[in-house]
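The next block holds one structure in the form of structure tokens; read it before the comments.
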Number of protein chains: 4
Amino acid sequence: MFNRIILIGRLTREPELRYTPSGTPVAKFTLAVDRRAGRQGEREADFIDIVTWQKTAEVCANYLGKGRLVAVEGRLQIRSYEDNQGIRRKAAEVVAETVKFLDRAKEAQQQGGGGFGSEDDFASEISFVDDDTPF
Amino acid sequence: MFNRIILIGRLTREPELRYTPSGTPVAKFTLAVDRRAGRQGEREADFIDIVTWQKTAEVCANYLGKGRLVAVEGRLQIRSYEDNQGIRRKAAEVVAETVKFLDRAKEAQQQGGGGFGSEDDFASEISFVDDDTPF
Amino acid sequence: MFNRIILIGRLTREPELRYTPSGTPVAKFTLAVDRRAGRQGEREADFIDIVTWQKTAEVCANYLGKGRLVAVEGRLQIRSYEDNQGIRRKAAEVVAETVKFLDRAKEAQQQGGGGFGSEDDFASEISFVDDDTPF
Amino acid sequence: MFNRIILIGRLTREPELRYTPSGTPVAKFTLAVDRRAGRQGEREADFIDIVTWQKTAEVCANYLGKGRLVAVEGRLQIRSYEDNQGIRRKAAEVVAETVKFLDRAKEAQQQGGGGFGSEDDFASEISFVDDDTPF
DNA sequence: TTTT
DNA sequence: TTTT
């Protein structure tokens with residue numbers, strides 16, 4: 001009836017972009033969300049799977065990479081499925097409605113180097129990726 | 001770094017109360033959280049596992065039952081473990097910090113009948129179960 | 001950049017419905033949100049103004065009344081204005097995107113008596129008021 | 001009964017630190033929270049007052065300054081009071097339970113220059129300021 | 001100004 | 001009154 005989750009964390013790797021048979025873009029990535037740990041090094045994290053659709057999926061795939069800091073707002077979805085060994089499994093994933101970029105892409109984090117001349121410009125706006133931005 | 005989830009849903013069954021070896025109470029239950037479905041009957045839900053500790057665990061175990069409507073606030077925790085067939089699994093559960101009762105216990109929902117003369121009084125207060133209430 | 005508020009509380013009075021010059025419906029009401037108070041009677045509350053637009057506005061105006069329990073999700077908006085004495089004031093209000101009914105209308109709370117034969121049916125569904133419901 | 005707000009925004013100025021007569025630290029600051037605006041420059045913001053207590057107050061006062069990006073979690077509180085002209089006013093403020101630093105202090109933003117050799121170390125941890133950190 |  |  002009500003299902004709202006808000007996360008801040010860092011991507012563990014580049015988003016993976018696919019398309020449904022009907023052409024809808026879907027992006028998946030994992031967020032490392034540090035637990036508020038004590039200070040003596042036992043820094044733990046929850047690794048939370050994120051799914052996002054449509055334009056937001058494309059923006060994430062184009063502009064996010066490993067290590068980037070984002071805020072995600074969405075809902076927690078539990079899916080039940082059978083893996084390819086026929087084992088019944090449950091998948092938990094956050095369906096993101098908004099993904100907000102909280103840091104700039106550093107050189108080292110860019111996905112392969114050239115070609116993203118406008119990335120910094122976008123990232124510096126720190127606006128919601130599902131705004132009516134020109135992607 | 002930041003991990004906050006808020007759910008409103010109904011318990012699918014009575015909470016299960018256990019104690020850790022050191023005596024800490026832990027309660028587990030599952031929440032059916034309806035997705036905002038269309039109207040032609042395809043009412044779906046996410047079934048989300050909730051864990052709660054200490055006094056909140058005891059209050060939930062004592063006063064909640066199948067069908068009760070609650071609001072839960074907490075954080076999403078992902079645990080990796082091996083089941084008793086030796087299969088690697090991931091468990092997603094919400095560690096509840098607050099559980100708020102949103103309806104009264106109906107007669108039919110009371111957990112076995114006698115003994116809870118004060119339940120309705122409590123439930124009608126609709127206060128946070130981890131308030132300094134007299135349990 | 002990110003602004004999300006979630007409230008559960010009771011309406012202090014019936015919503016007030018107006019229309020902008022261009023015909024857009026706007027409803028306003030106030031929510032009494034109890035603070036998690038101690039138990040010796042000093043029950044305090046925050047009285048928080050809610051604004052909602054479009055179809056949600058009309059549904060709230062038609063189906064909510066004084067005392068009803070709702071969950072509201074939206075964003076906090078701060079407006080600066082001059083009152084009719086020319087005094088500069090700041091208004092804080094929550095722009096609600098979703099309003100969820102958490103209890104049923106009791107007879108005494110119905111807004112004027114007859115005519116709402118379907119209210120209980122709706123309220124009992126506890127669905128989001130901005131679903132594609134037939135209002 | 002339930003009152004939770006989550007904000008991400010930038011400080012409009014340095015926090016102001018005071019102490020109650022009994023010695024409790026209180027810090028106040030204002031957050032500029034951009035609305036998700038269109039792109040043609042009409043970038044608007046809500047200016048939201050934040051209050052925080054105890055150790056969090058001291059950490060904010062010591063380590064935050066104008067322009068810093070933070071995430072705040074707390075509850076919305078509405079207070080009614082009379083100003084020094086005897087005019088009845090309402091104040092809306094967010095009582096922050098956690099304040100999370102989302103960027104590093106830049107040289108230009110440090111509050112007066114020397115003395116905070118450890119600031120970057122702290123800020124880079126991006127941990128909750130009310131963790132059991134040694135302040 | 002206020003709800004249960 | 002305001003931040004980037």
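In this text the structure is predicted, and so the values were computed from the model without any measurement. Letters go in sequence order (proteins before strands), and every chain restarts at 1.
The side-chain hydrogen bond (donor to acceptor under 3.5 Å, both in side chains) check on C:Q54 picks up nothing, with sequence neighbours excluded. Evaluation of the side-chain contact (heavy atoms from CB on, under 4.5 Å) rule for C:Q85 yields C:D83, C:I87 as partners, not counting sequence neighbours.
Distance D:E16 CD to F:dT1 P: 18 Å, rounded to the nearest Å. Summarising the geometry, the separation between CG on C:D46 and P on E:dT1 is reported as 14 Å, rounded to the nearest angstrom. Atom P of nucleotide F:dT2 and atom NZ of C:K90 are separated by 11 Å, given to the nearest angstrom. For the pair D:K28 NZ and F:dT1 P, the interatomic distance rounds to 19 Å; values are reported in whole Å. For the pair D:I48 CD1 and F:dT3 P, the interatomic distance rounds to 16 Å; values are reported in whole Å. At whole-Å resolution of the value, CD1 in D:I50 and P in F:dT3 are 16 Å apart. Spacing between atom NZ of D:K66 and atom C1' of F:dT2 amounts to 8 Å, rounded to whole angstrom units. If you take CZ of C:R79 and P of F:dT2, they are 18 Å apart, rounded to a whole angstrom.
Between F:dT1, F:dT4, E:dT3, one nucleotide has an atom nearer to the side chain of C:R88 than all others, and that is F:dT1. Comparing E:dT1, E:dT4, F:dT4 by their closest approach to the side chain of D:R10 singles out F:dT4. You'll find that the side chain of D:A32 is closest to F:dT3, out of F:dT3, E:dT3, F:dT2. You'll find that the side chain of C:R13 is closest to E:dT2, out of E:dT4, E:dT2, F:dT3.
Stacking between C:F47 and E:dT2 is present: the aromatic ring centre lies within less than 5.5 angstrom of the base six-membered ring centre, and the two planes differ by under 30 degrees.
The side-chain heavy atoms of D:I50 and D:I48, taken from C-beta on, include a pair separated by under 4.5 Å.
Atoms CZ and CG, on C:R4 and C:L76 in that order, are 12.0 Å from each other to the nearest 0.5 Å.
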